Amino acid sequence: MEIVSIVISILSLGLSIAIAIRTYLKERESYSADVIDYRAFCTESQFLLCFSNTSTCPLTIIDIRYDGLICLLEPKAIETKLDGTIVRASAQFPLCIPAHGAQYAYVLFPDAGVQHKPLTPGTVVNFQIQTTQSLSQRTVILSHTGYYLHKELYQ
């Protein structure tokens, strides 16, 4: 009889550990960052990023760094109409992305006395993304430019 109670105790301990590990894995921070479009000037670099939160917890991005520069944390107009109406603006930080959600954000890296490197297809770009839980490095290889930041090319 004692052997049965020991076996049941060991099984319940194993089950408890398995549930704890499963919960940890489901709730840990997990996301991807993809570059949809990009453009670089002498004075700033612009990116349209897509953040996909693959965890069961909300994700909060505090700031993003690129080439040692921190992104502009307050919104700034990227495209305006002739009447002054803002069509596109950079993101307002912090970015809050719900569990299993996604969000597109225009991110600007202003001039800080540093010449921005040219952005062309095949360029490797390293971002440091600061969230409420961690600081992570994301490396992206740029593809061709899209429609969003190069609207004048398609008119």
Side-chain angles (χ1 to χ4, degrees), residues 13-81 85-155:
L13 177 64
L15 184 61
S16 298
I17 291 172
I19 289 172
I21 290 172
R22 182 175 174 259
T23 302
Y24 168 76
L25 292 176
K26 281 181 69 178
E27 293 183 1
R28 72 174 184 215
E29 184 177 87
S30 177
Y31 65 94
S32 65
D34 299 309
V35 175
I36 306 300
D37 201 2
Y38 55 89
R39 182 168 60 175
F41 299 105
C42 304
T43 58
E44 68 182 16
S45 295
Q46 301 175 350
F47 294 93
L48 173 57
L49 298 173
C50 177
F51 296 100
S52 298
N53 184 4
T54 57
S55 70
T56 59
C57 293
L59 173 69
T60 303
I61 298 173
I62 300 169
D63 69 51
I64 303 170
R65 296 172 192 269
Y66 161 68
D67 273 353
L69 301 172
I70 190 167
C71 68
L72 196 63
L73 299 175
E74 294 294 323
K76 178 183 174 186
I78 292 176
E79 181 184 348
T80 56
K81 291 183 179 178
T85 307
I86 296 174
V87 177
R88 294 186 183 99
S90 62
Q92 169 76 43
F93 283 84
L95 291 176
C96 299
I97 304 167
H100 298 293
Q103 183 172 345
Y104 290 92
Y106 289 100
V107 182
L108 299 179
F109 295 91
D111 178 24
V114 177
Q115 180 71 24
H116 289 252
K117 67 181 177 185
L119 298 175
T120 57
T123 302
V124 176
V125 178
N126 294 307
F127 294 107
Q128 286 184 328
I129 301 174
Q130 177 71 52
T131 66
T132 53
Q133 296 181 8
S134 68
L135 173 66
S136 63
Q137 178 96 7
R138 303 294 167 133
T139 301
V140 178
I141 298 174
L142 299 178
S143 62
H144 63 83
T145 56
Y147 171 78
Y148 305 97
L149 291 169
H150 296 272
K151 188 174 179 181
E152 64 276 0
L153 298 177
Y154 298 96
Q155 292 181 351

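What you see is a predicted model; the values in this text were computed from it and never measured.
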Worksheet, complete the sentence: For Thr56, the side chain to side chain donor-acceptor pair (under 3.5 Å) test, sequence neighbours excluded, returns none

Discussion item. Quick check: do Thr120 and Leu142 have side-chain heavy atoms less than 4.5 Å from each other?
Written reply: no

Discussion item. Just verifying a value: how many Å separate Glu74 CD and Ser90 OG, rounded to the nearest 0.5 Å?
Written reply: 8.5 Å

Discussion item. In terms of relative ring orientation, are Phe47 and Phe127 parallel, tilted or perpendicular, with 30° and 60° separating the classes?
Written reply: perpendicular

Discussion item. In the structure I gave you, are the side-chain heavy atoms of Phe51 and Ile64 within less than 4.5 Å of one another anywhere?
Written reply: yes

Discussion item. On a heavy-atom basis, which atom in Pro94 and which in Thr60 lie closest, and how many Å separate them?
Written reply: CB-CG2, 3.7 Å

Discussion item. Within this structure, what is the CG-CG distance for the pair Leu73 and Leu108, rounded to the nearest 0.5 Å?
Written reply: 11.0 Å

Discussion item. For the CZ atom of Arg138 and the CG atom of Asp34, what is their distance to the nearest 0.5 Å?
Written reply: 10.0 Å

Item to complete: Measure the CD-CG distance between Glu44 and Leu69 for me, rounded to the nearest 0.5 Å.
Response: 11.5 Å

Fill in: Asn53 (side chain) donor-acceptor with Pro98 (main chain) under 3.5 angstrom
yes

Worksheet item: Testing Ile129, Leu49, Ile61 for side chain to side chain contact (heavy atoms under 4.5 Å, CB included) with Leu95, which one passes?
Response: Ile61

Practice prompt. Apply side chain to side chain donor-acceptor pair (under 3.5 Å) to Gln103 and list each qualifying residue two or more places apart in sequence or on a separate chain.
Written response: none

Discussion item. For Ser143, is there any backbone N or O sitting under 3.5 Å from a side-chain donor or acceptor partner on Tyr38?
Written reply: yes

Practice prompt. Drop me the distance from His100's NE2 to Leu59's CG, to the nearest 0.5 angstrom.
Written response: 12.5 Å

Worksheet entry | Residue pair Leu119 / Tyr66: nearest heavy atoms and the distance that separates them | CD2-OH, 3.3 Å

Discussion item. Can you see whether Ser136 engages Tyr31 through a side-chain donor-acceptor pair at a distance of less than 3.5 angstrom?
Written reply: yes

Worksheet item: Does the Ser30 side chain pair with the main chain of Ser55, one donor and one acceptor, at a distance under 3.5 Å?
Response: no

Worksheet item: Can you find a heavy atom in the side chain of Tyr106 that is under 4.5 Å from one in the side chain of Asp37?
Response: no

Please report, to 0.1 Å, the donor-acceptor pairs under 3.5 Å made by any side chain of residues 15-25, with sequence neighbours excluded.
from: Ser16; atom 1: OG; to: Ser12; atom 2: O; distance (Å): 2.9
from: Thr23; atom 1: OG1; to: Ile19; atom 2: O; distance (Å): 2.8

Item to complete: Any chance you could measure Thr123, atom OG1, to Ile141, atom CD1, to the nearest 0.5 Å?
Response: 10.0 Å

Fill in: Nearest atoms (heavy-atom pairs only) where Val107 meets Cys71
CG1-CB, 3.4 Å

